[in-house]
Amino acid sequence: MARAGVVYLVGAGPGDPGLMTARSLELIAAADSILYDRLIPPAALAGARGDAELRYVGKEPGDASVPQDRIHEELVSRARRGLSVVRLKGGDPFVFGRGGEEAEALRGADVEFEVVPGVTAGVAAPAYAGIPVTHRDDASAVAFVTGHENPAKDETALDWDALARFPGTLVMYMGVKNLPAVTGRLAGAGRDPDEPAAAVERGTLAGQRHVVATLGTLAQAVADAALKPPSILLFGPVAARRDSIAWLDRRPLHGKRVVVTRARAQASGTAATLAALGADVVELPAIRIEPRIDSAEVRDAVEALHAYALVCLTSPNGVHLLFEAMAAAGRDARALAQAQVAAIGPGTAAALREHGVIADVVPERSIAEALVAALDQVPVAGKPALVARAAEARDVLPDALRERGAEVDVVALYETVREDPDPEAVEAAMSADYVTFTSSSTVTNFLAVTGGRMPDGARLVSIGPVTSATLAEAGFSAEVEAERHDPEGLVEALLADVR
Ligand code: SAH
């Protein structure tokens with residue numbers, strides 16, 4: 001797939017990860033080394049191998065960058081070392097991407113290369129704004145132009161008079177900084193100042209913005225809206241087609257920021273569905289459960305299970321793992337026959353029911369203090385009690401039971417390991433319109449990642465009563481609850497709420 005000693009000049013598209021080509025994803029997943037630029041889609045590198053070298057060689061606006069010669073050297077040296085190398089660029093590598101220069105340098109060094117075209121911003125950003133760059137009635141030609149050079153300067157490489165006369169759409173890259181000079185020069189050379197014009201900022205990305213004006217008014221409109229790079233500028237009658245073609249903002253969840261917290265480490269289908277409906281989806285990472293049921297303490301506890309007068313379980317995960325450990329020891333629910341069984345809340349009680357055990361004690365709120373209070377009536381003095389829980393749990397429950405005279409054993413059934421939350425994603429989540437919860441564990445995960453906070457004013461969407469109960473136990477209420485308790489039902493409920 002990605003061959004040793006070959007450099008792949010790969011276009012990553014304009015920003016929307018969905019516009020990356022199948023070939024680009026395949027190469028990113030296989031490459032030994034990836035040299036990438038600034039304007040590549042978010043998460044474009046997510047599929048890279050864990051041991052791949054990821055090297056940023058991009059340029060911040062106005063900042064020094066890795067010089068082009070140096071990039072050539074780095075590509076050549078890696079290929080000569082026998083690595084498969086992806087040179088990843090925004091948009092298309094051969095459209096204002098210096099891909100041509102890199103290809104020539106590689107040929108000069110006798111390094112094999114392959115070119116993987118990408119969706120270029122000059123076509124995609126207008127398309128996402130509802131502007132076709134050609135149209136049978138309006139434009140039979142389109143020119144891609146760099147706005148990098150100030151037309152007021154003498155050494156300009158562009159023939160501005162020819163561009164003014166060009167019979168078709170002008171699509172300009174890198175033109176925001178010089179916009180007043182560009183529009184002034186085009187109009188000065190005879191292009192109609194009333195011709196429709198548009199600018200699209202961050203095209204195809206969440207938060208895309210645009211303005212539609214005329215050649216004469218675009219500079220002011222862009223300044224008023226404070227559009228910044230990266231933006232595409234477009235001059236031509238097709239800009240006026242936006243009124244009849246705009247589609248992005250008509251999608252049902254357009255402009256809504258929706259948080260999806262993953263229950264497990266796997267990718268989330270719900271996130272993809274919501275994104276396809278136009279939502280600005282913020283995905284928060286999962287918390288992984290690392291079972292510890294092979295430990296000696298768990299084995300001993302399971303061995304002695306029938307001897308406990310009280311067995312306390314503090315999460316659904318704990319319940320499932322305890323039964324797994326029991327099964328491994330050749331036991332079943334009858335091992336709990338002698339014991340009072342206490343669950344920390346309804347979710348944990350529901351998990352017990354799945355294993356055929358109806359909890360004797362269940363407080364309404366899933367916190368240790370509530371369980372302590374609920375256990376008030378259970379005589380524990382002088383009796384053996386087992387608290388089976390997460391390794392990192394607080395000691396409120398065992399301490400309280402010991403104070404009442406119980407002989408308490410505590411075992412850790414698992415440890416929760418949090419994937420490092422991306423601070424930007426957490427911040428984005430805190431300004432969400434909707435937070436979705438597809439299971440009780442997504443509630444726990446979300447609150448763990450945000451430090452117990454919910455975004456102000458966000459509507460909370462729950463997949464069903466159990467998840468809503470978990471939210472309630474944590475002191476929050478689900479404004480929207482799915483009627484069908486599956487991910488599709490949750491999306492349906494959210495859509496109904498938006499309408
Ligand atoms: N090779 C790239 C272009 C690189 S030049 C391509 O084919 O798209 C960088 C310029 O591309 C930016 O200054 C801007 O004009 C444009 N650009 C890149 N991504 C963009 C985006 N998402 N929205 C609007 N313009 C973008």
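Every number for a ligand or one of its atoms is a count from 1 in the order of the listing.
With hydrogens left out, the protein atom closest to atom 13 (O) of ligand 1 is M174 CG, 3.2 Å, a heavy atom. Remark: minimum distance from atom 2 (C) of ligand 1 to any protein heavy atom is reached at G90 O, 3.3 Å. What sits closest to atom 7 (O) of ligand 1 on the protein, heavy atoms only, is T120 OG1, 2.6 Å. Nearest non-hydrogen protein atom to atom 11 (O) of ligand 1 is Y173 CD2, 3.4 Å. Closest protein heavy atom to atom 4 (C) of ligand 1: F96 O, 3.3 Å. Counting protein heavy atoms only, atom 21 (C) of ligand 1 is closest to G203 N, 3.5 Å. Counting protein heavy atoms only, atom 25 (N) of ligand 1 is closest to I232 CG1, 3.3 Å.
When each of D32, V7, L35 is checked for a side-chain contact (heavy atoms from CB on, under 4.5 Å) with R78, only L35 meets the rule. Each of S441, S440, S462 was checked for a side-chain hydrogen bond (donor to acceptor under 3.5 Å, both in side chains) with T470, and the lone residue meeting it is S440.
Residue-to-ligand polar distances keep V119 apart from ligand 1: every N/O pair is separated by 3.5 Å or more. Checking only distances, P14 does come within under 3.5 Å of ligand 1, N or O to N or O.
Numbered from 1 in the order shown, with element, the atoms of ligand 1 that lie under 4.0 Å from a heavy atom of D92 read 1 (N), 6 (C), 7 (O). Every atom of ligand 1 is numbered from 1 in the order shown, and the set under 4.0 Å from a heavy atom of V200 is 24 (C).
Contacts between P230 and ligand 1, counted as non-hydrogen atom pairs separated by less than 4.0 Å, involve both the backbone and the side chain. Residue T204 does not touch ligand 1, judged by heavy-atom distances below 4.0 Å.
Rounding to the nearest 0.5 angstrom, the gap separating the NE2 atom in H210 from the OH atom in Y128 is 15.5 Å. Taking CG of D110 as the reference point, atom CZ of R80 lies at 8.0 Å (rounded to 0.5 Å).
Heavy-atom contacts from other residues, nucleotides or ligands closer than 6.0 Å to CD of E73 number more than 12.
Centroid-to-centroid, the aromatic rings of F446 and F437 come within less than 6.0 Å.
Looking only at atom types and distance, the side chain of S84 has no donor-acceptor partner in the side chain of Y8 under 3.5 Å away. Side-chain polar atoms of Y434 and D497 form a donor-acceptor pair below 3.5 angstrom. There is a side-chain donor-acceptor pair under 3.5 Å between S468 and E481.
Scanning all heavy atoms of the two residues, the minimum distance from T183 to A219 falls at OG1-CB, 4.0 Å. In terms of heavy-atom proximity, N150 sits nearest to A181 at OD1-CB, 3.5 Å.
The residue among G97, G91, A121 with a heavy atom at the shortest distance from atom 26 (C) of ligand 1 is A121.
In this structure, S231 is part of the shell of residues with a heavy atom less than 4.0 angstrom from ligand 1. Within the 4.0 Å heavy-atom cutoff, L39 counts among the residues contacting ligand 1. Contact analysis puts R202 in contact with ligand 1, with a non-hydrogen atom separation below 4.0 angstrom.
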